[in-house]
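As structure tokens, the structure follows; a few thoughts come after it.
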There are 2 protein chains.
Amino acid sequence: MVVYELTDSEVDAMFRALADATRRDIVDRVLHENASVSRLAERYDMSFAAVQKHVAVLQAAGLVTKSRQGREQIVSGNLASIHHIQKLLSHFEAVWKQRALQMADVLRDDATTEAPPSPTSSGTRVDIPHD
Amino acid sequence: MVVYELTDSEVDAMFRALADATRRDIVDRVLHENASVSRLAERYDMSFAAVQKHVAVLQAAGLVTKSRQGREQIVSGNLASIHHIQKLLSHFEAVWKQRALQMADVLRDDATTEAPPSPTSSGTRVDIPHD
DNA sequence: TTCATATACAACCATTTGGTTGCATATTAT
DNA sequence: ATAATATGCAACCAAATGGTTGTATATGAA
């Protein structure tokens, strides 16, 4: 697989690419089945050029790849990049869980540090997600 | 936990919020330890107002929460939302893996459908990630 | 060759983004 | 009361985004 380390701007591009419902739908679609750009464009209520741009954004982010097939460009999903950002988010979760454990320890020592244990309004959520 | 279904624009906001290295760093930081806005601002080479805006973007996306603590606003991470988009990406991966299995089946039937089995250039990646 | 299809791409436009500075307000410290 | 700290927020600006229309090019079909 060899997912070499990505730069900040590469990660930026991936998240930004996913920050649009049409593009998320395109990713979902091509993960199910490869499709040409015009095939994709049929599905959305916007111009062909607009869909073409969306695909270009996804391609620039490395989330999809295009390959010529006669006069068509076949769009297919790129699992590696999707897996990468999913891992990044897993890291966030792991950090939080780790901290939740530490907080459980701190509760026994009581608050002697500067860290505010329980903010007023909604309070610090210590919930640990379960699948 | 009760993560009610999110709208497209809510998911948009979450991904867009993460599409900036400074904001990802803020999330990472407050997941490790709560911090006031000014405490966060010290770390970055930009104005206080800029960091304040970044926090506002994260808050609007539901990725962090703020709570008054005296004259400070304490920023803390919101696990539920992070977990949600991580799940969304897991879904993408699951779809792809499912399809990879189907493709293995199709290889026995050979290509009778319109689906192009192997694009020319980089080829369809059938790699399945392993941790 | 000629026509239709699929894509590429440029120019344009309104809105959003990510930064700035400046000023107002709230809270704590002296 | 006054000063210092922490934040909120408005106005401004350059660049990027997400859409449009129009035109050009490449490929397959008749």
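All of these numbers come straight from a predicted model, not from anything done at the bench. Note on naming: letters A, B, ... go to the chains in the order of the sequence lines (proteins, then strands), and numbering restarts at 1 for each one.
For A:Asp20, the side-chain atoms get nearest to D:dG18 when compared with the rest of C:dG18, D:dG18, D:dT20. You'll find that the side chain of B:Ala50 is closest to C:dT20, out of C:dA29, C:dT20, C:dT7. Minimum atom distance to the side chain of A:Lys53 is reached by D:dG19, of the listed C:dT21, D:dG19, C:dT28. Checking C:dA8, C:dT5, D:dG19 against the side-chain heavy atoms of A:Phe48 singles out C:dA8 as nearest. Set against C:dT7, C:dA4, D:dA4, the side chain of A:Arg71 has C:dA4 as its closest nucleotide.
When heavy atoms are screened at a 4.0 angstrom cut-off, B:Ala56 is found touching no nucleic acid atom at all. Contact annotation for B:Ser36: backbone-only contact, meaning every heavy-atom pair under 4.0 Å involves sugar-phosphate atoms and none involves a base.
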Test side chain to side chain contact (heavy atoms under 4.5 Å, CB included) applied to A:Lys66 and A:Val55, step by step: CA-CA 9 Å; A:Lys66 287 196 301 183; A:Val55 172; 3.9 Å; yes

Determine whether A:Val30 and A:Ile74 satisfy the following criterion, side chain to side chain contact (heavy atoms under 4.5 Å, CB included), listing intermediate values before the conclusion. CA-CA 9 Å; A:Val30 301; A:Ile74 303 300; over 6 Å; no

Worked check of salt bridge (charged side-chain N to carboxylate O under 4.0 Å, His left out) between B:Asp25 and B:Arg29: CA-CA 6 Å; B:Asp25 194 69; B:Arg29 193 173 300 278; 3.2 Å; yes

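In terms of phosphate contacts, A:Arg23 brings a side-chain nitrogen or oxygen within less than 4.0 Å of OP1 or OP2 of D:dG18. Distances shorter than 4.0 Å separate none of the side-chain N or O atoms of B:Gln69 from OP1 or OP2 on D:dA6. One finds a side-chain N or O of A:Lys66 lying less than 4.0 angstrom from the OP1 or OP2 phosphate oxygen of C:dA8. Contact check, B:Gln52 against D:dG8: a side-chain N or O comes under 4.0 Å of OP1 or OP2. Listed pair A:Ser38 / C:dT5 fails the phosphate criterion, with no side-chain N or O lying under 4.0 Å from OP1 or OP2. The phosphate of C:dG19 has neither OP1 nor OP2 within less than 4.0 Å of any side-chain N or O from B:Ser47.
Here the C1' atom of nucleotide C:dT7 and the CD atom of A:Gln59 are 12 Å apart, to the nearest Å. Going from atom CE of B:Met46 over to atom C1' of C:dT20 covers 12 Å, rounded to whole Å. The distance from atom CG of A:Asp12 to atom P of C:dG19 is 10 Å, rounded to the nearest whole Å. Distance CD (A:Glu72) to P (C:dT7): 6 Å, rounded to an integer number of Å. The nearest whole Å value for the distance from the CD atom in B:Glu42 to the P atom in D:dT5 is 12 Å. Between the CG atom of A:Asp45 and the C1' atom of D:dT20 there is a distance of 13 Å, rounded to whole Å. Atoms CZ (B:Arg68) and C1' (D:dA6) sit 8 Å apart, rounded to a whole Å. When the C1' atom of D:dA6 is taken as reference, atom CG of B:Leu40 falls 13 Å away, rounded to whole Å.
By the 4.0 Å N-to-carboxylate-O rule, A:Arg24 lies close enough to B:Asp12 to be salt-bridged with it.
Remark: side-chain polar atoms of A:Arg23 are not paired, donor with acceptor, to backbone N or O of A:Val51 under 3.5 angstrom.
A:Val57 and A:Val11 fall into different hydrophobic clusters, defined by Ile, Leu, Val, Met, Phe, Trp and Tyr side-chain heavy atoms under 4.5 Å apart, directly or through other members.
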